[in-house]
Amino acid sequence: MAMTQRITKAVIPAAGLGTRFLPATKAMPKEMLPVVDKPAIQYVVEEAVRAGLTDVLMVTGRNKNALENHFDRVAELEATLEAKGDTVKLEKVNESTDLADMHYVRQGDPRGLGHAVLRAHMHVGDEPFAVLLGDDIIDERDVLLTRMLDEQVARDACIVALLEVDPDSIHLYGAAEVEETDDPDVVRVTGLVEKPAKEVAPSNYAVIGRYVLKPEIFEVLERTEPGKGGEIQLTDALMEMAGDVEHTGGVYGVVFRGRRYDTGDKLDYIKAVIQLAADRDDLGPELRPWLAQFAAGFDQD
Ligand code: UTP
């Protein structure tokens with residue numbers, strides 16, 4: 001059942017160094033890498049807006065101009081397309097301009113995801129808010145964020161998104177220790193470990209890049225010491241919230257069983273581009289048979 005929507009703010013951290021994509025990310029944030037024909041960040045802003053989060057705060061680092069420009073007007077391009085009467089392309093240019101009420105805050109040094117979220121404190125104030133990472137694209141045909149927003153309102157807790165992954169990949173994620181609830185799609189998170197070895201992972205529930213957080217997280221982040229990788233980890237702050245149910249309402253996980261495309265590392269990025277392109281009406285009909293033929297070529301090797 002849909003609850004009254006009262007969360008309107010989305011925070012999108014995009015200040016990471018993107019070292020796994022060098023040299024592409026030398027002069028451009030990794031969130032601007034195109035996934036088919038749109039930068040990854042645009043899919044994420046569109047998802048936020050679809051869920052009713054029209055106030056978007058982007059946390060930017062070096063090379064922030066590309067991000068800001070993408071969501072701003074480009075007068076010369078618009079004028080040229082207008083003069084040519086190319087309304088189809090003009091619409092594409094304007095798609096990202098009028099999407100949301102965009103705000104920007106700077107994270108001087110990329111000291112970790114927790115630190116990036118802390119930079120949102122002033123803008124967010126004292127209300128629950130969502131955090132969406134540009135690395136993860138959630139298929140628009142599958143529901144996740146609206147469900148998380150509903151659970152936040154219903155449970156007055158922090159909500160994370162969980163995906164069951166192969167135990168061999170759990171070391172790439174934050175892993176959650178969980179207890180069942182009476183809802184098969186929702187678990188209570190009793191512990192979290194950032195990037196655990198397979199042998200010590202509490203489960204194969206991986207935390208993926210969507211969160212709905214209570215403003216109390218800011219106080220916790222203020223005193224969170226650098227953790228894994230010397231970075232201030234959001235996972236560590238959430239771990240503290242999960243351990244103090246009485247004061248924080250605890251942490252719950254919404255189990256996502258839909259389609260998620262990981263664009264954070266090279267191989268997964270390539271797979272994401274292929275999957276999304278193969279599904280599109282304009283590209284799929286030509287791409288799918290080509291892919292089948294291409295793959296058949298490998299069988300013969
Ligand atoms: P990642 O750890 O995946 O991003 O952070 P990264 O550090 O840019 O990537 P690599 O490992 O060097 O290739 C997850 C998300 O958190 C943001 C990133 O932009 C990404 O969206 N982030 C991370 C920040 O905004 N600030 C930080 O200090 C760290």
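We count ligands from 1, going down the list as the structure has it; atoms in each ligand are counted the same way. These figures come from a predicted structure and were not determined experimentally.
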Centroid-centroid distance, Y261 to Y43, less than 6.0 Å
no
List, ordered by chain and residue number, the protein residues whose closest non-hydrogen atom lies under 4.0 Å from any atom of ligand 1.
P13, A14, A15, G16, L17, G18, T19, R20, K30, E31, Q107, P110, R111, G112, L113, A116, D135
Before accepting this row, confirm whether a basic side-chain N of the pair D156/K214 lies closer than 4.0 Å to the acidic partner's carboxylate O.
yes
Residue pairs passing the salt bridge (Lys or Arg N to Asp or Glu O under 4.0 Å) test where at least one lies in residues 56-77, sequence neighbours excluded
K64-E68, R73-E78, R73-D98
Candidate list R210, R257, R260, R259, test salt bridge (Lys or Arg N to Asp or Glu O under 4.0 Å), partner D142, passing option:
R259
Does any donor atom in the side chain of H115 or D109 lie under 3.5 Å from an acceptor atom in the other side chain?
no
Where is the tightest heavy-atom contact between V44 and D136, given as atom of each residue plus distance?
CG2-O, 3.8 Å
